[in-house]
Amino acid sequence: MEIETMKIYNTLTRKKEEFVPLEEGKVKMYVCGPTVYNLIHIGNARPMIVFDTFRRYMEYKGYEVNYVSNFTDVDDKIIRKANEEGVDPSVISERYIAECKKDMAAMNIKPATTHPKATEEIDGMLDMIETLIEKGNAYVAGDGTVYFRTRSFSDYGKLSHKNLDDLQGGMRSLLVSGEEQKEDPLDFVLWKPKKEGEPYWESPWCEGRPGWHIECSVMSKRYLGEQIDIHAGGEDLIFPHHENEIAQSEACNGKEFAHYWMHNGFLNIDNKKMSKSEGNFFTVREVGEQYDLQVLRFFMLSAHYRSPLNFSKELMEAAKNGLDRICTCAQNLKYLSEQNKQKELTEEEKENLKKSQVYVRKFEDSMDDDCNTADALSAIFELVKFANSTVSESVSTAYAKGLLDTLQTLTDVCGLIILKEEELLDEDIEAKIAERQAARKAKDFAKADAIRKELADQGIILEDTREGVKWRRA
């Protein structure tokens, strides 16, 4: 089946371009993930939600998507927190990877095809750095620090559209140690010597650890290949992180790294930059204490991903109300589809189902136009309005189900859960456990296993102990 094309705004060219994959029917996509030293904040959530939605839409269109998003699990902040707690840095990173995955699940973000960790990719980093040294794109300083020779890559600045000669005073943020050892102030670190109390790895140059930028170049290459279709992340990563990734990858591999670059806009809080010092810093977990995180997801999709987005209580309430409208419509359609089992489509209903496809096309046109989720949600609201105006207690099962299926298909692309199963009551769980125990006593282990699975599917975990069966909600 031929896949209709979409247009993507490419940061590299600063214009919308028709998406043409490297391999027909397949998409190779890398999205920069979080540094895991604490609970993720709502600024982290925006690219997660936006690019998860983009991925879902590409799969809806029929593409096979290989989606890679990393965890940076070695970093100054992780090391600092580990030293404060008196534990190994891996304890901190593993703790917050687990917490991050919980938040992602609560926002209905699909797990990546691969979630690589920086500490598990050191060998690949050493190989890439050695290649860059051999090619003359990197050099070793006296203390074993390895720097990338920025001026050796003639295309440096092509993503951020910065001129090398104008960057002399603007690269100070990249200096990690041994500034005086650099051949050029523009050079950046690929490998740095260990410090007291830090994790380190053996290398041909010194015991140390990688610079931040080399991680993604290596992980992308390993899991997606030397060339990828799309690289994405927050706008703040364009320079220097993504610019440096391009320099490393293209200097090493001798070919274009990523064909399309997508970047989401900044998230502000009450029209101010999010900052702990301003007291306007919110974790996803904190927002989840006040709202279902589906509301946060809906809010993030209510603006075009490249636009700046302002977070406020008033806007979250508006998002909640909007999502409630969609959910109410879905619940009503579900009720009608279950109540009127004997009824078949009328001629008018057949015509209305055809008319409802107008909103599907509007949705697809919006998503095909650089993943315009704001307009896509508007199309969903139009479908809701159409459904509300054409259903009544007397509609047929097939009509209610047809509208519900269309609504669910579109909201699934957005990652919005509009029909939730009712949570099992404690007494229902206890009754199921008793039924399972009876099955085990009767040696009907197949039934016992089926009950365990049924409960697990609804988020109930059973533990068989000497004191009896204990259970907990996942």
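Bear in mind that the values here come from a model prediction, so they are computed numbers and not experimental data. For this chain, numbers begin at 1 and follow the sequence in order.
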If the threshold is 4.0 Å, N to carboxylate O, is there a salt bridge linking [X] and [Y]?
{"X": "Arg361", "Y": "Asp365", "answer": "no"}
{"X": "Arg285", "Y": "Asp103", "answer": "yes"}
{"X": "Lys194", "Y": "Glu207", "answer": "yes"}
{"X": "Glu99", "Y": "Arg95", "answer": "no"}

Answer yes or no: does atom [atom1] of [X] have more than 12 heavy-atom neighbours from other residues, nucleotides or ligands under 6.0 Å?
{"X": "Lys158", "atom1": "NZ", "result": "yes"}
{"X": "Lys110", "atom1": "NZ", "result": "yes"}
{"X": "Glu317", "atom1": "CD", "result": "yes"}

Are [X] and [Y] close enough that their ring centers fall under 6.0 Å?
{"X": "Phe19", "Y": "Tyr63", "result": "yes"}
{"X": "His242", "Y": "His263", "result": "yes"}
{"X": "Tyr60", "Y": "Tyr57", "result": "yes"}
{"X": "Phe299", "Y": "Phe311", "result": "yes"}

In terms of the angle between their ring planes, are Phe148 and Phe188 parallel, tilted or perpendicular, with boundaries placed at 30° and 60°?
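Phe148 and Phe188: parallel rings.
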Which pair of heavy atoms, one from Thr150 and one from Leu186, lies closest together, and at what distance?
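Closest approach of Thr150 to Leu186, heavy atoms only: OG1-O, 2.8 Å.
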For Ile228 against Ser220, the heavy-atom pair lying closest together
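Closest heavy-atom pair between Ile228 and Ser220: CG2-OG, 3.6 Å.
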Is there a side-chain hydrogen bond (donor to acceptor under 3.5 Å, both in side chains) between Asp143 and Gln181 once you walk through the steps?
CA-CA 9 Å; Asp143 63 355; Gln181 301 180 97; 3.2 Å; yes
Measure from NZ or CZ of Arg209 to the centre of the six-membered ring of Tyr200 and say whether it is under 6.0 Å with the direction within 45° of the ring axis.
no
For the residue pair Tyr156 / Glu250, report whether a side-chain donor-acceptor contact shorter than 3.5 Å exists.
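Judged by distance alone, the side chains do not pair up.
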Report yes or no: do Asp370 and Tyr305 form a side-chain donor-acceptor pair below 3.5 Å?
yes
